[in-house]
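The shown structure was predicted, so the numbers you read here are calculated from the model rather than taken from an experiment.
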There are 2 protein chains.
Amino acid sequence: MESIPTGIDSIIYFRVMSKPTKVTIQDIARFAGVGVGTVSRVLNGHPNVSPETEANVRKAIEALGYRPVVAAQTLRTRRSNVIGFITDEIATSPHAGQIIRGAQEAAWKGGKILLLVNTQWDPELEQAAVETMIDRQVDGLIYATMYHRPVTPPEIMRQIPSVLLDCFTEDASLPSVVPDEFNGGYEATKLLIERGHQRIGFINNTDPIPAQRLRMKGYCAALESYDLPFDEALVVERKSEPKGGYDGMMVLLDLPDPPSAVFCFNDRMAMGAYDAIRQRGFRIPQDIAVIGFDNQELIAANLYPGLTTMQLPHYEMGIWAVEYLLSMLETSEKDDFKQECSPPQVQLKCPLVLRDSV
Amino acid sequence: MESIPTGIDSIIYFRVMSKPTKVTIQDIARFAGVGVGTVSRVLNGHPNVSPETEANVRKAIEALGYRPVVAAQTLRTRRSNVIGFITDEIATSPHAGQIIRGAQEAAWKGGKILLLVNTQWDPELEQAAVETMIDRQVDGLIYATMYHRPVTPPEIMRQIPSVLLDCFTEDASLPSVVPDEFNGGYEATKLLIERGHQRIGFINNTDPIPAQRLRMKGYCAALESYDLPFDEALVVERKSEPKGGYDGMMVLLDLPDPPSAVFCFNDRMAMGAYDAIRQRGFRIPQDIAVIGFDNQELIAANLYPGLTTMQLPHYEMGIWAVEYLLSMLETSEKDDFKQECSPPQVQLKCPLVLRDSV
DNA sequence: ATTACTATTGGAATCGATTCCAAACAATTT
DNA sequence: AAATTGTTTGGAATCGATTCCAATAGTAAT
């Protein structure tokens, strides 16, 4: 029993180290010579604890290395500090990362953590995912899609605070945040106009999605506010891929009075447009200016010349969705009433990313 | 009290609907006229329950719409059916989605769900994330990086079953799954050789990462197995971006005896190589064949001609990591002993994606 | 008939926190 | 001195499952 531990001692020591016995609030209470209620009060910053006892309790917590068991807290308080995050499709889009990152960072700041399920467009899985989350008593739900579109999420979602991310319901019955497509289209066109272009082509998508319709509206609105005529011939619709951009550009170049600038529905189409323009021997941006949409770094930054484009605010939408959810949780804690005012339908601006194609 | 509900009745009805009272195992027991133990036994498929009582209990469960409260289960059993998923960087890489998708799908199949934290390379956050996860009694941890590299994860991680995804520790002390870079380099080079090329350039990365070293080794090994000479001049190292690929390709084209095919470290460099080749008036693949690495769809599929490349098995690694974790959990349930055999260091093959550049 | 065993069951104890109530005590007012 | 008020505290009850133990009934073996 000298300073050197015996064999048995060291084994015990080892076992203690390898499987640290869980320290509970009871242990703290005993160690500090107080009741469990007092420890809990200190832990949760409740009033009416004398400074001395608080100090004692804190010392005990420190000394024993106490860590709360979240399951017990959740059981008692019915709050898990978890936010359920449901995505329809996580893999195909490089934007997914930005959405998740924004949401995750905002959640962490609010002391919450994300529980993730990816449903790959499967409605059954979607339903099951929401149920699982509710079983786990998540504080709220985020339902995120990888491109801006209308959705009909499982009804059961309405049982708990929920926010739609990059999507919306037709009846606007759930809070939602999406990109401001109209403004994006407007600003893109405006940039081209302000750089002196008078005839501006628009190579649009054919899919009847909000982005397609609203960017078009933005394009028209910009022309109108600068008193430029709208020429039907300058708008072509093609499939949303490089080939579509290529074909569309060719059509525009074949016009008797071709445009000096073109706004492409997205960067992939712009990529195709680049090819068409160069194949015809024109230079970008001297002969023809090009602006895209999405700011897909991999394309936009790597094209030559670098593609000027509008960025989708994925990161910001992720943050907004979680922050709004957190604010809902706060208010629903105070008043037990459900918010009666209509849920916000927010649109976030798409910032311009200037490179060299305009 | 006729068939039409009174005002008060309908209010009560509404309240019941809007806030469904939680059905507990006690309610089931009462309803079915059995004890709580019996209900629990049915729920967990334990033996020694007579068929009739089981049927009764199941009927009660169905009738009352019972759903278990996960927090209570976790508290009692100390198993949360949650897997912690920690990433260093989720946003920049389009591959992130594939990794997460694979992991998530495998987890769902195993009845688990992912708790996600993204640490943005911040060691403090990393530590905090692991602690939070342990507090929440996750069953295990996945530590994922967005490119293949050595790491030193927080020590505390070793307290619970953990798997490294797309990374490894130098001492191989944790199970790990990474891409088989050597084989990837080998197969890429082999393809070029089998298509009849004798002089094959390699535009490598400059970063001293495993991919850089191992793909080079694979390149050399392939040459050797086909009895082709290794020519130092055919290997150039540049920054891993389109500009680097462009510059590297130019160097190779300027050789007195230029290669007829080139293996690029990744698709972005291949993109630059394309530009160089075309600028010199050569055709792909007739004059010079090109193969890349990564299969970044956005680039490889959209280049003209489509880029043949080696695909990183992100999706598969995600699956493997979770499945291995699940198997660890199973065995650690049976034997209480920690697995003493050395943790597996798995390498998954990179499949070839044939397009038109070879 | 007695013993030994198995199959089935009910219900108390348990997990680890929070919360509420009553008690103890101090300070203030009447 | 008694009554009132306010502060601080301990500890029982609670959340909703699982698990273990003891009890019962039924069957087989002695």
Answer yes or no: does a side-chain N or O of [X] lie under 4.0 Å from OP1 or OP2 of [N]?
X       : N      : result
B:Gln73 : D:dG16 : no
A:Ser50 : D:dT9  : yes
A:Thr38 : D:dT9  : no
B:Thr24 : D:dG16 : no
A:Arg78 : C:dT18 : no

Mark yes or no for whether [X], through its side chain, and [Y], through its backbone, hold a donor-acceptor pair below 3.5 Å.
X        : Y        : result
B:Asp139 : B:Asn81  : yes
B:Ser162 : B:Arg158 : no
B:Asp122 : B:Thr119 : no

Exercise for the section: Nearest 0.5 Å please: distance from the CD1 atom of A:Ile160 over to the CG atom of A:Leu329. Expected result: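 Interatomic distance, A:Ile160 CD1 to A:Leu329 CG, rounded to 0.5 Å: 9.5 Å.
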Handout entry: Contact list for DNA chain D against residues 26-36 of chain A - heavy-atom distance below 4.0 Å
Key =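 A:Gly33, A:Val34, A:Gly35, A:Val36 - these, ordered by number, are the residues of the stretch whose heavy atoms sit under 4.0 Å from the strand.
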Practice task
Using heavy atoms and a sub-4.0 Å distance, could you list which residues of residues 53-72 of chain A are near DNA chain D? By number, please.
Solution key: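 Those residues whose heavy atoms fall under 4.0 Å from DNA chain D, taken from residues 53-72 of chain A in numerical order, are A:Thr53.
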Can you find a heavy atom in the side chain of [X] that is under 4.5 Å from one in the side chain of [Y]?
X        : Y        : answer
A:Gln98  : A:Glu316 : no
A:Val69  : B:Asp135 : no
A:Leu325 : A:Ile142 : yes
A:Ile90  : A:Ile100 : yes
B:Leu174 : B:Ser176 : no

Problem - B:Glu62 and B:Arg58: CA distance, side-chain angles, deciding distance, salt bridge (Lys or Arg N to Asp or Glu O under 4.0 Å) verdict - result: CA-CA 6 Å; B:Glu62 183 68 27; B:Arg58 291 214 179 283; over 6 Å; no
Find the distance [X]:[atom1] to [N]:[atom2] and express it as a whole number of Å.
X        : N      : atom1 : atom2 : value
B:Leu75  : D:dT19 : CG    : C1'   : 13 Å
B:Arg79  : D:dA17 : CZ    : C1'   : 15 Å
B:Asn48  : C:dC5  : CG    : C1'   : 13 Å
B:Ile25  : D:dT19 : CD1   : C1'   : 11 Å
B:Gln137 : C:dG16 : CD    : P     : 8 Å
B:Arg76  : D:dT14 : CZ    : P     : 19 Å
A:Lys22  : C:dC15 : NZ    : P     : 14 Å

Exercise for the section: Apply side-chain hydrogen bond (donor to acceptor under 3.5 Å, both in side chains) to B:Thr87 and B:Asn118, showing your working. Expected result: CA-CA 5 Å; B:Thr87 58; B:Asn118 176 233; 2.9 Å; yes
Handout entry: Net bend of the helix from C:dA1-D:dT30 to C:dT30-D:dA1, end axes of five pairs each, nearest 10 degrees
Key =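 About 60°, once rounded to a multiple of 10°.
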Problem - From D:dT19, C:dT18, C:dC20, nucleotide with atom closest to A:Arg41 side chain - result: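 The closest nucleotide is C:dC20.
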Handout entry: A:Gln159 and A:Ile134: CA distance, side-chain angles, deciding distance, side chain to side chain contact (heavy atoms under 4.5 Å, CB included) verdict
Key = CA-CA 9 Å; A:Gln159 288 182 9; A:Ile134 292 180; 4.0 Å; yes
